[in-house]
Structure formats: C-alpha cells, structure tokens
Amino acid sequence: ARQEAALTMARRILLTDADHRDLTLDYLKLLTGRQRLRPGAAREVLVVGAGVAGMVCARLLVAAGHRVRVLEANRSRVGGRVKTFRGDLWQDPRLHAEAGAMRIPSSHVLTLALADHLSVPRRPFHLVDVPPSPDLASGDARVVYRSWTGEEFSTGSAPAYTAPKGLGGRLVHVNGQTVSKAAYAADPRPVNKSFGWDSGQTAAAAFDRALDTARAYTMVRNGDGSWSDKPIDQRVTGMAQLLYDLDGYSLLRYLQESEGWSDAQVQAVGTLENLTSRLSYGFLHSVFDASDINPAVTYFEFSAGTDALTEALAKDLPIERGRVVTRVRFDDGGVTVTAEPETGPEDEGCEGAIGGDRCEYRADAVVLAVPYAALRHVDFAPLLPYGKRRAIAEIKHDTAHKVLVEFTERWWEWDESTWRAKLGADYRPAPHGDAVPAVGGGCVSDEASRFVYFPSHPSDDGAPGGIVLAAYNWAEDALRFDSLTPADRHTEALDHLAGLFGERIRRYATDRHVSQSWLRNRWALGEAVIETPGQLLSLGPHVPAPVADRLFFAGDHCQPRYHAWIAGAIASGVEAAVQLTGG
Ligand code: ARG
C-alpha cells in the first residue's frame, strides 16, 4: 500500500499520469484557451471558496458551458491567501504591499502564463538586492515551457529575462555579528564559527550539497557538476522511491542521519537558510522549497499588486460574498449546500461571528476550494470516506507571519552621501558599514524578526515612500510573532531595522504598519499544508480524491509539489474542472 501511495504521489508531484502524459502542458493550454474541457451535458456546479483555485476552476467550467456559482466566506474581498494591503491602510494611499503571495519563480509557468493571458502586468522581483535602475521596470511577457514530450509551449518571442547581478549588500546578523551577504559569501568562516561550525562553505552551499542525495533519485549529474532530469519514466520511479525511502524523515533527521551533520552545522545552516523553525517537518517539503526559493531563481511580481491577478480572475464570475458554508449533503440526486451569512466585523481576525438566515443551494456537484483545515468545520452527510476525514483532521497546516512597515522615503536606496545630505548636522554613520543603495533583497537575522525584504521597485505613481516587509516568519518563528499585539509586532520589527541600519531610519517611519498572521486569519486557518514526516504518503493520496462524483477538491494542498504557491492552487483548480467534466 505504501508503494502504491508512493507511485500515486510521485505522479502528482511531477504532474503526470500512468501514460506519462505531461499535465503541465495540458493545463497551460486549458488556462490560455488553446484547449477546452471535454464537452458534455451542462451541470449545475457550486464552487466553495473564491481563492485562486476556486476561481480558476469556476472560469474553466463557465467557459465550458456549465452553470456555476461561487460562494465566498469573506465579505470584504476575494483572493484567499492572495491579499494586497492598499489604500488608506497607508499614509500614502498610492503604496501597496503583500500580506500573502509576493514572488513568482520563473519556473512557475502555470502562474505566469495565466497572468499573461489575463493581461495582468508583471515585473522582476529581486530576491537579491540590485542597483536601482529604471530598466528594471518590466520583465518580458514570455513564458516558455519545454516538455519531456518534446513539445514546447510559449507565449511570445521576446528574449527571456535575465536578472542583473546581485550586490549582496544586505545584512546577515547572527550571534552578535553583522556582515554583508557579499562579505559572508567571500569568507563564511567567521560567521559559521560563531555557531561552532568551523567551515569555509556558505550555509546555502552546504544545504544545496545536502540535497544531492535526494536529487540523485530523479536527476543525473553532468560532467560540469550541474544536474539534468532523468527521462520521465525514471523520474516517476525515482520520485516514488524517494518518497518511499524518505517521506518518514524530518528535515532534522535527514541532515543528521543521512548527511551526518553536527548540531552546530544544523543550527548554522538552519538559522541562515530559514530551516530552524521547520526542522521537525517532513524532509521532502524542504527539497521542493529549496528549488523554488534560492538566489539562483529568477522571480516576478505583479506590478499593481498580487491582487490584480485575483481581481482579474473574479471579473464576470458570479461570486456571492459573505456566505460561510457549514453543511454539505450529497446523494445520487445531487448536492445540497447550506451557507450562513458572515456577520462579524469586516476584518478577517478570529473574533468574527456567523449566523442569521441560512441559505440552501442545490447543485449537481460542488468544488470545495477552501483551505483544507476549513473542511473540519463543515458538516458532511453521509460521512466522508475515512482516509479523507483523517487527512482533514490531521494534515499539518503551517503558519506564516508578515509585518509590513511604511516609510515616507526609500532610505534603502541611498548611499552614505545622500544620508549626509538628508541629515545635515544630525548625520551619524551607519552602525555596520556604509549604506549600499539597492532595491530588493533582504536581511537574515537570528532575532525575532528573522527575515527582512525590501521592495524591488519604487512606487509606479511617484510616491516617495515605500513599504518594507520588516519581518517574515514561518512556523515556530511565526507562532511567536502571532502572540504579540499588533503594536508590539511593529515595535519589534522597527527596533530590529534600527539595529541593522541605525537609529537614523526611524525619522522616515510613518506610524502605519500592518501585520498578517495566516494562522489567526479566520478563513485561511494557517499558511498552507506542509506535511509532518510520513503524512505525504499516509494522508496525501486522500487529499484531492473526489467523492461520489459529487464532491471535488481544489486548493494548493491538493498539489504536493506546490503547497504554499499560486501554481499549486492553479493546477488543483484545473484538475478539479477536468475531473468534474470527465477527464
Ligand atoms: N510561497 C511562499 C513564499 O514565497 C511560501 C513558500 C514556502 N512556504 C513554506 N511554508 N515553506 O514565501
């Protein structure tokens, strides 16, 4: 049974089937209107959840002639974990910042092709800081996907975008030492030694090397040290074997047992590479994360805010907001869904209430495209199959926390002489070396705030200020931020920035800050599914499985390769539409 599950999950991860069909290719064509769902009798479909997964699914079904209605719990907006803070949240209402999805790796072709198809403008997102320059304003609109079938999908002929060389001017601040990322890369030993790890490798290189054992299951190493994918049949069997061998491993156990790492190395690399809070999670998640989040990856962001994508998806869809689904009844004749009005305050904190007059909806089928944890609070009759109930009750949902702080001017783009000119007689040097003017990139620290990200672009409409993601935390780190009051989160994050860049930054801070806890968001109930050891095989196969040809499931939790990414939500939404219309 474990072998069977490993094969099923391997196919899901690689988006393929028993015939080695390339589903990414099919999904790209469906999303961009080059291919259609299988025609059939029109069905009445209720989609629950107006996040990316639900709206993608709804749009495909509408285009295929089905009668679709979308129910969304949130009264104030659609989009789910795509959420942009804008307008009068900020002192300068021209600014916006992302509470959720903010960066799209260039390999996430489903997301980029969909956005381009909907004419949602995008531009580079700089994970590594680069010099400010006007030519960074737009990335090209070309998406290229080369399938193992030999087929190529592309949306244009512009040359591929290549990111400029990074500066490495942002800071690493651990164990009381503060150095630039470039200085750490040039000589990692002093920082490493502060953890008791006497190594001349960077943390990133050490972690990358540790993943070679996992890579070798599905890839071959070339003479020059680079890796290439094995043929698809071997990739599927290799991935299944990887799952079989290592799904039971936490990241910590893998690093200790398989790679022989010392505690000091685990702590050093974990702190610098954002792994410490997740050492107890399933190892495979870190394998996927590492290929999506690393300085070699090129990213895009949506120029007008990520919610430009979800607003474009919502356009012309029949969405009823403020409808909280509480009950689903299904039988041979169809599905009855009960929803109650959302009556709490407009914000999405945990204090809201539901109640008032219920409504009932009747349909042939329902697509449940809400976070998996939310299904725990829906009453299903008849009972869902045992495996699915277990998955709903047990699968691990991680949390993430972001603190966003507004500044009246973009001091991170200044060099030391600009600081001198701005401050005049009040000028004091920066605490950790001269300012390196740059956009994008961020700092890593072992303080509570952990990760700082600077905006990749100035505001489009000439606003002089900007919003810094002053603390971005996952898992245990995020849980601790969750416990603070909003005011204390701000103080913590601002004190941390002042420690890194000097008290001089405080004069540009407005009193505006917004924080987002995805765990304490009543409709999200967590950041995303990130399995604990063993769950990928024991629970994973049950997550997306349809029930009785009436209930279908969508959301990034259904796509194990892309948990916590828009690409996973999109793939799952397409898949549910395909299942519903008979493949
Ligand atoms: N996509 C999100 C990001 O860019 C999260 C990715 C990883 N998520 C996670 N829970 N490990 O930060």
Side-chain angles (χ1 to χ4, degrees), residues 51-53 79-84 97-108 110-112 122 124-128 207 211 250-251 270 273-302 306 309-310 371-373 395-404 440-442 444 449-456 469-479 481-482 516-519 521 524-533 535-536 555-557 559-572:
V52 170
R81 282 162 285 153
V82 167
K83 178 178 180 186
T84 306
E98 301 305 335
M102 65 178 184
R103 52 180 164 190
I104 319 296
S106 62
S107 62
H108 289 202
L110 293 172
T111 310
L112 297 173
R122 58 186 163 93
F125 170 98
H126 299 294
L127 188 72
V128 181
F207 188 55
L211 298 178
S250 66
L251 176 60
E273 292 295 305
N274 203 2
L275 305 171
T276 42
S277 64
R278 292 169 183 247
L279 287 168
S280 61
Y281 290 5
F283 161 65
L284 289 158
H285 166 70
S286 291
V287 176
F288 301 144
D289 243 20
S291 71
D292 287 328
I293 305 179
N294 78 63
V297 172
T298 300
Y299 298 88
F300 295 93
E301 64 179 19
F302 297 110
T306 313
L309 176 68
T310 46
Y372 219 56
I395 206 159
K396 169 73 183 175
H397 286 69
D398 197 15
T399 184
H401 194 114
K402 287 184 171 175
V403 182
L404 295 145
V444 49
S449 294
R450 292 289 273 132
F451 294 87
V452 175
Y453 288 79
F454 291 99
S456 289
L469 175 47
Y472 180 20
N473 288 313
W474 288 340
E476 198 60 34
D477 294 331
L479 286 171
F481 249 96
D482 275 10
Q516 175 72 43
S517 160
W518 284 108
L519 188 68
N521 179 291
L525 299 96
E527 176 217 11
V529 163
I530 309 284
E531 290 87 354
T532 53
Q535 288 192 335
L536 212 48
D556 62 298
H557 47 273
Q559 213 330 299
R561 171 63 186 81
Y562 297 111
H563 290 336
W565 293 99
I566 293 173
I570 295 173
S572 75

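As the structure lists them, so they are numbered: ligands from 1, and atoms in each ligand from 1. Worth knowing before you read on, the calculation uses all heavy atoms, side chains too, and leaves out hydrogens, waters and symmetry mates.
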Among all protein non-hydrogen atoms, which one is nearest to [atom], and what is the separation to 0.1 Å?
atom	value
atom 7 (C) of ligand 1	D289 OD1, 3.2 Å
atom 2 (C) of ligand 1	A564 O, 3.6 Å
atom 8 (N) of ligand 1	E527 OE2, 3.3 Å
atom 9 (C) of ligand 1	R278 NH1, 3.1 Å

Exercise. Can you find a pair of side-chain heavy atoms, one from I566 and one from V82, that are under 4.5 Å apart?
Worked result: yes
Problem set entry | Per-atom contacts of ligand 1 with R103, taking only distances under 4.0 Å to non-hydrogen atoms |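 Going through ligand 1 atom by atom, the ones under 4.0 Å from R103 are 3 (C), 4 (O), 12 (O).
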For this session: Below 4.0 angstrom from a heavy atom of Y472, which ligand 1 atoms are there? Numbered from 1 as shown, please.
Result: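 Those of ligand 1 that fall under 4.0 Å from Y472 are 2 (C), 3 (C), 5 (C), 12 (O).
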Main chain of [Y], side chain of [X]: is a donor-acceptor contact present, judged purely on distance under 3.5 Å?
X	Y	result
W518	A99	yes
H126	G441	no
S572	Q559	no

Problem set entry | Identified side chain to side chain contact (heavy atoms under 4.5 Å, CB included) counterpart of W474 within the set D289, T276, L479 |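 One option only clears the test, and that one is D289.
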Exercise. Quick one: which of H401, Q516, R450, M102 gives a side chain to side chain contact (heavy atoms under 4.5 Å, CB included) with Y472?
Worked result: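 So, applying the side chain to side chain contact (heavy atoms under 4.5 Å, CB included) to Y472 and each of H401, Q516, R450, M102, only M102 qualifies.
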Problem set entry | Any N or O of W474 closer than 3.5 Å to N or O of ligand 1 |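 No, there is no polar N/O contact under 3.5 Å.
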For this session: Check whether any N or O atom of I530, backbone or side chain, sits under 3.5 Å from an N or O atom of ligand 1, and answer yes or no.
Result: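 In this structure, I530 places no N or O atom under 3.5 Å from an N or O of ligand 1.
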For this session: Grab the two heavy atoms, one from A475 and one from R278, that are nearest each other, plus how far apart they are.
Result: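 So the two residues come closest at CB-CG, 4.1 Å.
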Problem set entry | Heavy-atom gap H285 to ligand 1 smaller than 4.0 Å |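 Checking ligand 1 against H285, which is what was asked, there is a heavy-atom contact under 4.0 Å.
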